[in-house]
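Lettering of chains follows the sequences in order, A, B, ..., and the numbering in each one begins at 1. The figures that follow rest on heavy atoms only: side chains count, while hydrogens, waters and symmetry mates do not.
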Amino acid sequence: MSEQTQHPDIIRPYGDTTGDGMVQVSFTLPMAPGPKAEGAALQLATKMGLDPAMVVHATGLGGGESAYTFFVVYGRAGHLVDLGEVVVREREYPLLAAKEANLAIKATLRRKLIVLGACIGTDAHTVGIDAILNVKGFAGEKGLEYYREMKVSNLGAQVTVPELVSQARKDRADAVLVSQVVTQRDAHLRNTRELAAAFREAMGDHRPLIVVGGPRFDPRMAEELGVDRIFGRGTTPGEVASYLVHALANKELLRAC
Amino acid sequence: MSEQTQHPDIIRPYGDTTGDGMVQVSFTLPMAPGPKAEGAALQLATKMGLDPAMVVHATGLGGGESAYTFFVVYGRAGHLVDLGEVVVREREYPLLAAKEANLAIKATLRRKLIVLGACIGTDAHTVGIDAILNVKGFAGEKGLEYYREMKVSNLGAQVTVPELVSQARKDRADAVLVSQVVTQRDAHLRNTRELAAAFREAMGDHRPLIVVGGPRFDPRMAEELGVDRIFGRGTTPGEVASYLVHALANKELLRAC
Amino acid sequence: MRTHPTPTASAWHPIIQLDKRLVGRARSLAIRAAAPVISLAQERTTVSVERAVLRLAGLRGADPTTGDGDIPWVNRVVDAVRAQVGLERGVAQPVWHAMRVYGYDDLLDLAEAVTAGTVEFELPFGAAATRAHNAATRATRAGLRRIDRNRATRDRLVNKHGDPPRRPWVYLIVATGDIYEDIPQAQAAARAGADVIAVIRSTGQSLLDFVPEGATRQGYAGTYATQENFRLMRAALDEVSKELGRYVRLTNYASGLCMPEIATLAGLERLDMMLNDSMYGILFRDINPQRTFIDQRFSRMIHARAGIIINTGEDNYLTTADAVDDAHTVTVSQLLNETFAHEAGLANWQLGLGHAFEINPDLPESFRLELAHALLARHLFPEAPLKWMPPTKHMTGDIFRGYLLDGFFNLVGALTGQGILLVGMMTEAVVTPFLSDRDLALRNVRYVLDAAGGLTEDFRPPRGGFIENRANEVLAEAVGLLQRITDEGLLNAIADGTFGITKRPVDRGKGLDGVIVKADGYDNPAVTLMEADLGRGESS
Amino acid sequence: MRTHPTPTASAWHPIIQLDKRLVGRARSLAIRAAAPVISLAQERTTVSVERAVLRLAGLRGADPTTGDGDIPWVNRVVDAVRAQVGLERGVAQPVWHAMRVYGYDDLLDLAEAVTAGTVEFELPFGAAATRAHNAATRATRAGLRRIDRNRATRDRLVNKHGDPPRRPWVYLIVATGDIYEDIPQAQAAARAGADVIAVIRSTGQSLLDFVPEGATRQGYAGTYATQENFRLMRAALDEVSKELGRYVRLTNYASGLCMPEIATLAGLERLDMMLNDSMYGILFRDINPQRTFIDQRFSRMIHARAGIIINTGEDNYLTTADAVDDAHTVTVSQLLNETFAHEAGLANWQLGLGHAFEINPDLPESFRLELAHALLARHLFPEAPLKWMPPTKHMTGDIFRGYLLDGFFNLVGALTGQGILLVGMMTEAVVTPFLSDRDLALRNVRYVLDAAGGLTEDFRPPRGGFIENRANEVLAEAVGLLQRITDEGLLNAIADGTFGITKRPVDRGKGLDGVIVKADGYDNPAVTLMEADLGRGESS
Ligand code: B12
Ligand code: B12
Ligand SMILES: Cc1ncc(COP(=O)(O)O)c(C=O)c1O
Ligand SMILES: Cc1ncc(COP(=O)(O)O)c(C=O)c1O
């Protein structure tokens, strides 16, 4: 902490001393508690790169003769984190205030920016998309409905992909914003892929911008999933508005060339 | 869970479905919160073998502009646990009741078994060694003082290694039991090595059995540390007594040959 | 024969004073507000109500010949009846008329014939109608008898194994999506202390206008509610009840497009509680309001008959609305749920009215506000086994904080005499619960109840203190809102976003096309039987 | 000039009734039990008391020429005096006599000469003794003045930055072993809400018969207490106090073989609280009982002068003894600590008497038993800023359970008006706290105090209820034990294992050879000055 490290880009987890590498892990193994189970837990910890590792807690789950053991393990992770290699989805556009965003839309689009929002599939979690779209907004920022130069419609929950595609076509949407909160068995990934494929098929290159969001998304997966952008947990409306302005302005420019 | 797995010896961590591999991890990285920090956390998780991994919580520590970020990560560990390769320090001796232990001592040693206990170094945690030695015992089992055929002295805490060696010589101790609870900067390992070296130097092959215990020891390290046996957290007096009887009987046998 | 096993804390004595006038007004306003909706429900039926009649009469299974083989026979038959003669007089008359005409003994034979296109339905009149009615009555009575037998079995098993030794009953969710993973998890949970096991449904199911069939292994964030899954799980819990010497209850979800049918299956397979809210489907699944109000009424009659405790869904409002600002909407909804439930024949001990610990934990005094709200419900519904729901909205990925919050939630449950305690999970914001999450959660509950449960002796909110004042304040707001609702009409209030700040117009939402206005001569033998046993005739 | 910043909850009103007769008896018995030990302490001095006199007079630093260069000059000088002329008349007379005889102005020059072997000490008599006494008095007065100035500075800074906005004060431990890791961790802790920072000592230090020197980086499970470490940390906390607009207090540990010296250094470097127990060293470090009682007396006189709040160590008993069975030993020890403290000049506001949440959490009603014990202490010592210690013994590797327990510990702290809350760590059973553990722990405290702190309004243990009865029961047991102690003698009781089930005979344990029976003409100018300022003469 007090000494400058040699490679400021190489760091390790910090327990109570620089470089100690300390990490906490918990997991369940499908086997009865006992020395063998603890050995198995240590084997896993070792494979995860913890050395030394201490099993500090082990307990059978579910009462009675348990076939599952829960462990808490502490250990020193041998891995180095190389900050030089950290892949961040950096914001490549400036954060605009609502006013600035409106001005920019006027300047580049010369008409209102049309936004269509929905939760697709069987997902009924609307609070996230509402936080982005509703005037009320999120974390002190007003939602997109508040932006004078945007025309926002929010289709709500449980919209099917075909419904969404046809609505987007009807509204001539510039951007389609989709929320996915349920992730069990990777439902969000599956649904997003289906979404991207449907728009590609229906509209090809003339498809609107596709923006997806939800708390368990990894923003770096946009390309892989075939969408333009992914927003993760804690996203604010301003970030989304700024992105839309930036991306659509670029699109206009490209079209103009 | 319902299906028999192909290799019953190969298991994976269990979140809510057999084979899902789910693991929880938490750690601190010495960097300010933000997307870069989350990227770094994901990099570490990946190196630990979690894929996919989700950063579900990230917060700056210590208020103000923080230089440390704490993370909670969930992810699927790719590692397989091979139960065939689990190294367990299996109990290679039977668990004896106090009566049986007494009988066995009578039969093999034909005199009382002399036990000397202590916490060495600056460690003042006596509750663990007391749990093994005092009549009161631990977890419903009486301590070694209760065994009629053992003569136990407990030197208490903060005993230096030279003191312990000379006392062991004076008492003609059969077994020396040492507790080490403080582990910061591996104090327990250092002290145990010092202990083993001192006895080796002072008594060579005629040294008493050296048994070490404490909640953060890995029982598999006995050989490496130069002692006869290590007991970890939750040890009961009966286990220790049974071990002593077994190990000393073996010694006698060897001597007899 | 009918005992009333109930998780209401029997030793509950009032510890705050509610303004008696406000309490009286609240209740009478709720009755007035519900009346028009009850009439609406009485005058209509739905496809699912009609399918439930066939299920009571024993028609089960799905048509293997079309699609994924998952369209149940009851859907086939009801759709055919509707297409051919309409459902305005119910499904019973045309079906049992056809049974006689075509000479079938077994509904399944009829169903196969319907699918093969060899049946032409007719509306019987006169003696034919009476014969059809009688045959239908016999058939559905068999189903009701099975429900009655299940109720008696439950009573017997409760007597034999015993009820949970203490209150609140500990309620745990399993949700793997795979019934064969759910079963051992549920058994493990029971062994670890759960008194009630709920199997969460797959996300999509409430919008399916049919009930899937068979044992299922592929749900998303939940396991399909099917008759076979019900049976498997109930059997597994009977096994573990015996082992533990404590009757472990089973719960599932009725609300949704198939509320009447799922309620029926629950009765047929001896489930013990059901999630059943008069408005949940409307607000949180965008199901048409009329459809929901009709369906909930039938489903609750079945629950009443089956001795099933319902759990209402007011907790959900606080996930979209603010738990302090909109606390009174919970109270209003509880009063409405009570009114609808009474009308459908449910007794007070069957009313697991919902409420939740959802106040922003960063708000000063948040814990005492929770106590005030929980006590309000407790005093307003002294005989109902209230269901106390854990924090969800303000749970984050900080699982440690989550575990702490759950502990304080448990403490409120203990201090305010809640009947059913839904166990909170530290991973609420992350995943559907892991096996270990449930175990940790149960340890949390046990610690709080054992170590601090007796604190009720020392918990004495003073007259006119923070807690009593807050309770009366929320009650007053509830009365104000009920006044508005009686003026405007409940359906308009729902359309305006009164509950859970979600707007649901009366003619929108899913399933409206499954609503049918009854015609003269509408015949539903199941309803007739149930009403008669309740000592009243079907009023329409 | 002297304000009394104290963490006692000012709004504290009795909420249970203790048997007044028992309270009176307990206190008078404690005074009787302590009396012989006070006499014993008054009649003796120790090497550390004498070294403390030299430290007050400004001698600091270590002899670089021998060993690891870590033998302080004060040890060199005191050892030489003892070897040459004995310490029965104290170190002051021979030293300042030598200063004059050898013509030194600076104690350091004398110390170097001592080490070089060029000084021969003598005991002065008559005028020479008076001159030596006067010179020693001037020199030690300078040290006391510095302590007084520090106290004034503290008062000024508290006025300027402000005291913590609420009770209890939040007390956090740092313990990396490296002062340069400790500093940013302490600052981070303060920013995150800690009101008091304690730097835990390295495991070995309390058995060292000298105080190490300089900034240290190699402690085990703690950081050495050195004057320089004190200075560095106090400066760092002054910085952060300014930043935060709240005076952040610093604590360290006096108990041990160097209690008098460390207390002195704490006064000289403006520490604000000190762990200082009359029996901890005896019981948990096997330090000789006489040595400890003499040392604690001097150290407490210094603390009294410095306006330092002491923290006693009753919590430790409950790690070896059972928290229910031996609850009364805590009460007895608190009463003894109070008696010894008053005799040394400490005011009630300086008595951070210790107690702890150490009941087995699996015991039914454990939480309410904790409340009862905590209320007993609160009512017995209404003006003392009690120090409430978190669970340690029953903490396990289950960090989730640990986090929950800590939350309920915090709740007891809030409900029972504790003055100082030592923040519990979920990793208690695992490691000395990680940076993140502290942060999580503070979030826990904040949640409980903000969300549930107001519950005091509703927490009203009834007359004759479980809590009040338990408090009186423990009090009665304490009176019984005190009776036995006055009969047998405190030293015998300690030898018998009365406290913490640890037996410590009076003539065993470390440091007995550092005890010296005072002779006629014993002169300790520091004690004389302090006694005079307290308005009494040194009684021996
Ligand atoms: C509220 C809630 C509900 C409400 C939803 C009400 C409503 N109208 O939305 C109700 C009670 C109805 C509900 C029901 C269910 N829920 Co729910 N619910 C939650 C809860 C408590 C909070 C979610 C929330 O509102 N967060 C607040 C918002 C603001 O955050 P957010 O969604 O992350 O959105 C932010 C970002 O992600 C981003 N964002 C999100 N979407 C988008 C879209 C775009 C375009 C952009 C740019 C950004 C963006 O911006 C937002 C603001 O920062 C969570 C648990 C939790 N604490 O997280 C469970 C949770 C999400 N639910 C869950 C489940 C399983 C269900 C059910 C399926 C359970 C069941 N089987 O019955 C049902 C059915 C839901 C369904 N069919 O989808 C699980 C999902 C598990 C998983 N990972 O798969 C969770 C995690 C709980 C759990 N641990 O089991 N739920
Ligand atoms: C009680 C206690 C104390 C008491 C000790 C009283 C006493 N007379 O023993 C007091 C209050 C004095 C104390 C002081 C300190 N403690 Co302490 N203490 C604990 C505590 C709370 C419980 C330990 C305990 O008694 N466990 C119960 C016994 C029965 O379990 P056990 O020791 O594991 O023993 C079992 C097995 O391990 C085994 N075993 C143990 N020894 C042996 C030996 C043999 C031969 C065999 C066969 C088996 C065996 O059998 C036993 C029965 O199953 C732990 C935290 C915790 N909850 O674990 C901290 C803890 C051990 N203490 C700790 C520290 C740092 C200290 C201090 C150094 C703090 C300070 N700087 O002031 C001081 C100084 C102690 C010193 N010099 O050694 C740390 C150690 C951190 C680390 N891993 O390095 C801990 C983990 C707390 C923490 N998180 O900071 N402590
Ligand atoms: C009353 C009620 N019914 C049903 C459900 C679940 O419905 P679905 O299966 O549609 O998610 C809930 C969910 O919390 C509920 O509260
Ligand atoms: C009163 C008192 N003094 C001192 C200490 C610490 O002493 P040591 O540095 O010897 O561990 C403690 C530990 O908890 C204590 O309670």
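The part of V88(A) that comes within reach of chain B is its side chain, from C-beta onward, which places non-hydrogen atoms under 4.5 angstrom from that chain. Neither the backbone nor the side chain of V72(A) comes within less than 4.5 Å of any heavy atom in chain B. Of the two parts of R91(A), neither the backbone nor the side chain holds a non-hydrogen atom closer than 4.5 Å to a non-hydrogen atom of chain B. V73(A) does not touch chain B: none of its heavy atoms, backbone or side chain, sits under 4.5 Å away. Using a 4.5 Å cut-off between heavy atoms, M54(A) contacts chain B through its side chain alone, with no backbone atom that close. Within the 4.5 angstrom heavy-atom criterion, no atom of A45(A) approaches chain B. Of the atoms belonging to D20(A), not a single heavy atom falls under 4.5 Å from chain B. In this structure, the portions of V55(B) lying under 4.5 Å from any heavy atom of chain A include both its backbone and its side chain.
By number of non-hydrogen pairs under 4.5 angstrom with chain B, the leading residue of S26(A), P30(A), G21(A) is S26(A). Chosen from R220(B), M48(B), E85(B), the residue pairing most often with chain A at heavy-atom distances under 4.5 Å is M48(B). Counting heavy-atom pairs under 4.5 Å between each of D82(A), D218(A), T17(A), T183(A) and chain B puts D82(A) at the top. Heavy-atom pairs under 4.5 Å with chain B were tallied for P215(A), P35(A), A40(A); the largest tally goes to A40(A).
Without hydrogens or angle criteria, Q24(A) side chain to Y74(A) main chain gives no donor-acceptor distance under 3.5 Å. For D123(A) (side chain) and V182(A) (main-chain N/O), a donor-acceptor pair under 3.5 Å exists by modelled atom type. Using a distance-only test at 3.5 Å, with no hydrogens or angles considered, no donor-acceptor pair links the side chain of R193(B) to the main chain of G226(B).
Using a 4.5 Å heavy-atom threshold, the side chains of L44(A) and P13(B) count as touching.
Of all the heavy atoms in A32(A) and T69(A), the pair that sits closest is C-OG1, 3.2 Å. Closest heavy-atom contact between P219(A) and F217(A): CD-O, 3.4 Å.
The aromatic rings of F71(A) and F27(A) are tilted relative to each other, their planes meeting at an angle between 30° and 60°.
Between R229(A) and E223(A) there is no salt bridge, since no side-chain N of the basic residue sits under 4.0 Å from a carboxylate O of the acidic one.
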